[in-house]
Amino acid sequence: MHEKLKQRVCEANLDLQRYGLVVFTWGNVSGIDRDAGIVAIKPSGVSYDELVPEQIVLLDLHGNVVEGELRPSSDTPTHLELYRSFAGIGGICHTHSPHATMWAQAQRDIPCLGTTHADHFYGAVPVTETMTAAEIGQDYEANTGVVIVRRFQGIDPMQMPAVLVANHGPFTWGKSPDESVKNAVVLEEVAKMAAGTLAIHPEQPPVSQALLDKHYLRKHGKNAYYGQA
Ligand SMILES: O=C(CO)[C@@H](O)[C@@H](O)COP(=O)(O)O
């Protein structure tokens, strides 16, 4: 069932290693078939070298496993919360890529300091608030999704396909699993560039709104709807 979706999700997980975004199994990618209401996600703890499409786990949007022998990623509740809340996304990627994770640990938004950033993210990449002890204790992964959605009040996820979870790491998304991984690669690059730029010039201000609009809207169209011309 959903062999094509499992294949695409498996390939996107293997790309995490190909692009150098992960160490060990510190990352996972999922995809969704919205018509069927089925999410496909990497199994927990399985190394990328061994990963095959048959191991990809299928769930419904309530988190019930509908196919798969292995335990789904421990971040599954976060992925599910984002699919339920951000209607336009078709794939989600989570990593601990070092530079983006440094900004998440420092609990700082990544400012838009250049056109590379502006081409992909419409403004500063936001960091979430830290979770309360109750949120952590109750259900850490599900509440990670809740704090992401809370942070996106007033932010269009289709114009900002990335977030930094405070003290944890980045989540990115897109209209497909492979697009979510591409955004994770870009996020890691702009995180690295921003850290380096501010080390050279700590007072460097973000780009002007005119430059941000010029680059982001030119690439993504007037409505800046992610992934559509
Ligand atoms: O962030 C964490 C753990 O802190 C997880 O995302 C990472 O270890 C991947 O877990 P899974 O193997 O997907 O269950």
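Below, each value reflects all heavy atoms present in this structure, side chains not excepted, and no hydrogens, waters or symmetry copies. Indexing begins at 1, ligand by ligand and atom by atom, following the structure's order. Everything numeric here is computed off the predicted structure, so don't read it as measured data.
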Pairs of nitrogen or oxygen atoms closer than 3.5 Å, one from W26 and one from ligand 1: do any exist? no
Between the side chains of K6 and E11, is the shortest nitrogen-to-carboxylate-oxygen separation below 4.0 Å, so that they form an ion pair? no
So L164 and I110, do their side chains get closer than 4.5 Å, heavy atoms only? yes
Under a 4.0 angstrom heavy-atom cut-off, which atoms of ligand 1 come close to N28? 6 (O), 9 (C), 13 (O)
Identify whether the distance between the nearest side-chain nitrogen and carboxylate oxygen of K182 and E179 falls below 4.0 Å. no
When R150, Q138, E135 are each screened for side chain to side chain donor-acceptor pair (under 3.5 Å) with N143, the one that passes is Q138
Show the atoms of ligand 1 that are less than 4.0 angstrom away from any heavy atom in H94. 1 (O), 6 (O)
Counting from 1 in the order shown, the ligand 1 atoms closer than 4.0 Å to a non-hydrogen atom of H168 are 1 (O), 2 (C)
Could a heavy atom of R71 be found less than 4.0 Å from some atom of ligand 1? no
Does the N or O separation between P72 and ligand 1 drop below 3.5 Å for any pair? no
Around atom 10 (O) of ligand 1, find the nearest protein heavy atom and jot down its residue, atom name and distance. S74 OG, 3.3 Å
Aromatic plane relationship, Y216 with H220 - under 30° parallel, 30 to 60° tilted, over 60° perpendicular: parallel
re atom 12 (O) of ligand 1, the protein heavy-atom contact at minimum distance is G45 N, 2.8 Å
For atom 3 (C) of ligand 1, grab the closest protein heavy atom and report residue, atom and distance to one decimal in Å. H96 CE1, 4.2 Å
For atom 5 (C) of ligand 1, what's the nearest protein heavy-atom neighbour? Residue, atom name and distance, please. D75 OD2, 3.3 Å
Where does the angle between the aromatic ring planes of W173 and F86 fall among parallel (under 30°), tilted (30 to 60°) and perpendicular (over 60°)? tilted
Against the six-membered ring of Y48, is K42 placed for a cation-pi contact (under 6.0 Å from the centre, within 45° of the normal)? yes
Q107 side chain near T130 side chain, heavy-atom distance below 4.5 Å: yes
Among all protein heavy atoms, pick the one closest to atom 13 (O) of ligand 1 and tell me residue, atom and distance. S73 OG, 2.7 Å
Pick whichever of V46, T25, T144 has a heavy atom sitting closest to atom 7 (C) of ligand 1. T25
